[in-house]
Amino acid sequence: GGEEEVEGATKMEATEVIKADDGDEEAQHEVRMRLNKLGQATDNDGVPTGKQEWKGLGVGVLKLMKNKINGKYRMLARSEASGKIMLNSFLYPKMAFKKAKCNIQFMCTVLEKEIDPATGKMTGEEKPQNIMFSVKCNASDVDATMTKLTGAVPN
């Protein structure tokens with residue numbers, strides 16, 4: 001389907017919105033992986049324990065995308081089961097990746113609904129939050145993935 005022009009509407013700059021699949025990008029690396037994020041641990045009743053734990057987001061493909069025009073890199077991970085986006089983040093200067101066995105851990109800023117510390121329930125508002133992620137891949141893929149990710153971090 002084509003896109004209709006809406007009179008009076010202004011087009012957003014490309015820097016403001018990251019589209020999931022952009023024609024100006026090409027994949028520099030792809031790896032099948034399980035994506036986890038570090039989050040608030042809860043007890044059986046869903047009440048926060050005050051501890052952190054890894055939570056599985058799903059299995060899918062992590063792509064390292066490079067913009068052909070501005071040279072910026074971003075990570076895009078889609079769920080194998082649903083096709084939903086699990087992670088969509090630019091790489092930023094001084095971004096650190098840490099390898100631990102078959103896991104690559106990194107911190108990035110994503111828009112997430114805030115969690116009320118008292119109840120453990122999400123509030124309606126999405127705000128930028130620094131979240132620790134972990135990509136678990138096959139032992140045969142971890143070194144190449146680590147090399148590609150660290151090599152893509154801008155100066």
Side-chain angles (χ1 to χ4, degrees), residues 14-22 24-123 125-155:
T15 53
E16 294 175 21
V17 174
I18 309 176
K19 291 195 177 96
D21 293 302
D22 190 335
D24 291 336
E25 290 181 310
E26 55 189 11
Q28 302 294 306
H29 185 71
E30 290 185 27
V31 64
R32 189 167 184 271
M33 53 86 219
R34 174 178 299 281
L35 186 66
N36 299 296
K37 77 173 188 178
L38 198 59
Q40 180 77 256
T42 56
D43 64 19
N44 293 338
D45 297 321
V47 178
T49 62
K51 293 184 179 146
Q52 299 270 298
E53 68 181 4
W54 288 105
K55 297 180 187 271
L57 297 179
V59 173
V61 174
L62 175 73
K63 292 183 182 182
L64 179 64
M65 306 297 290
K66 182 179 184 182
N67 186 297
K68 295 180 221 167
I69 296 162
N70 63 22
K72 282 187 177 178
Y73 287 91
R74 71 184 172 103
M75 294 178 289
L76 175 66
R78 285 186 180 273
S79 165
E80 213 169 67
S82 66
K84 283 172 101 173
I85 295 171
M86 299 186 289
L87 176 66
N88 186 8
S89 175
F90 280 110
L91 274 65
Y92 54 86
K94 295 189 175 81
M95 188 169 187
F97 294 92
K98 187 177 123 197
K99 190 176 87 168
K101 294 181 184 163
C102 295
N103 292 288
I104 298 171
Q105 296 175 353
F106 55 92
M107 180 83 77
C108 66
T109 305
V110 293
L111 276 179
E112 281 218 340
K113 289 189 175 171
E114 283 192 304
I115 294 174
D116 182 328
T119 64
K121 303 283 183 243
M122 286 186 186
T123 66
E125 235 179 305
E126 281 195 340
K127 294 208 169 149
Q129 299 194 43
N130 290 323
I131 308 278
M132 179 69 81
F133 288 92
S134 173
V135 169
K136 182 176 178 127
C137 49
N138 290 329
S140 57
D141 295 327
V142 73
D143 288 333
T145 301
M146 183 72 179
T147 301
K148 288 286 188 181
L149 289 172
T150 54
V153 173
N155 295 329

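Please read all numbers here as calculations on a predicted model, not as lab measurements.
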If you round to the nearest 0.5 Å, how far is CZ of R34 from NZ of K136? 8.5 Å
In short, F97 meets M75 closest at the heavy-atom pair CE2-SD, 4.1 Å
State, with a plain yes or no, whether a side-chain heavy atom of I104 is found less than 4.5 Å away from one of V142. yes
With side chains defined as the heavy atoms from C-beta onward, is the minimum distance between T109 and Q129 less than 4.5 Å? no
In sequence, state the C-alpha distance, the side-chain angles, and the governing distance for E26 and K68, and then conclude on side chain to side chain contact (heavy atoms under 4.5 Å, CB included). CA-CA 7 Å; E26 55 189 11; K68 295 180 221 167; 3.9 Å; yes
Nearest heavy-atom neighbours spanning A77 and M33: CB-CE, 3.7 Å
Parallel, tilted or perpendicular: ring planes of F106 versus F133, cut at 30 and 60 degrees: parallel
N138 side chain to S140 main-chain N or O, any donor-acceptor pair under 3.5 Å? no
Distance check, rounded to the nearest 0.5 Å: S89 atom OG versus I131 atom CD1? 11.0 Å
Output the distance between atom CD (E30) and atom CG (L62), rounded to the nearest 0.5 Å. 9.0 Å
To the nearest 0.5 Å, what is the distance between CG on L64 and NZ on K66? 9.5 Å
Treating T150 as the side-chain partner and T147 as the backbone partner, does any N or O pair qualify as donor plus acceptor under 3.5 Å? yes
Determine, step by step, whether L87 and L76 satisfy the side chain to side chain contact (heavy atoms under 4.5 Å, CB included) criterion, reporting the C-alpha distance in whole Å, the side-chain angles of both residues, the deciding distance to 0.1 Å, and the verdict. CA-CA 6 Å; L87 176 66; L76 175 66; over 6 Å; no
Just how far is it from atom NZ of K98 to atom CE of M132, taken to the nearest 0.5 Å? 7.0 Å
Hey, does F90 have a side-chain heavy atom less than 4.5 Å from the side chain of K72? yes
What distance do R32 atom CZ and E80 atom CD have between them, rounded to the nearest 0.5 Å? 4.0 Å
Could you check N103 against V135 for side chain to side chain contact (heavy atoms under 4.5 Å, CB included), going step by step and ending with a plain yes or no? CA-CA 5 Å; N103 292 288; V135 169; over 6 Å; no
Side chains of P154 and L91: closer than 4.5 Å at any heavy-atom pair? yes
Non-hydrogen side-chain atoms of K99 and D143 separated by less than 4.5 Å: yes
Atom pairs and distances, donor-acceptor, side-chain atoms in residues 47-56, under 3.5 Å, two or more places apart:
from : atom 1 : to  : atom 2 : distance (Å)
T49  : OG1    : A41 : O      : 3.3
T49  : OG1    : K51 : N      : 3.2
E53  : OE2    : K55 : NZ     : 3.3
K55  : NZ     : Q40 : O      : 3.0

Any side-chain heavy-atom pair from V31 and V61 closer than 4.5 angstrom? no
Report yes if the side chains of K94 and Y92 come closer than 4.5 Å at any heavy-atom pair, otherwise no. no
Check against side chain to side chain contact (heavy atoms under 4.5 Å, CB included), M65 and Y73: CA-CA 5 Å; M65 306 297 290; Y73 287 91; over 6 Å; no
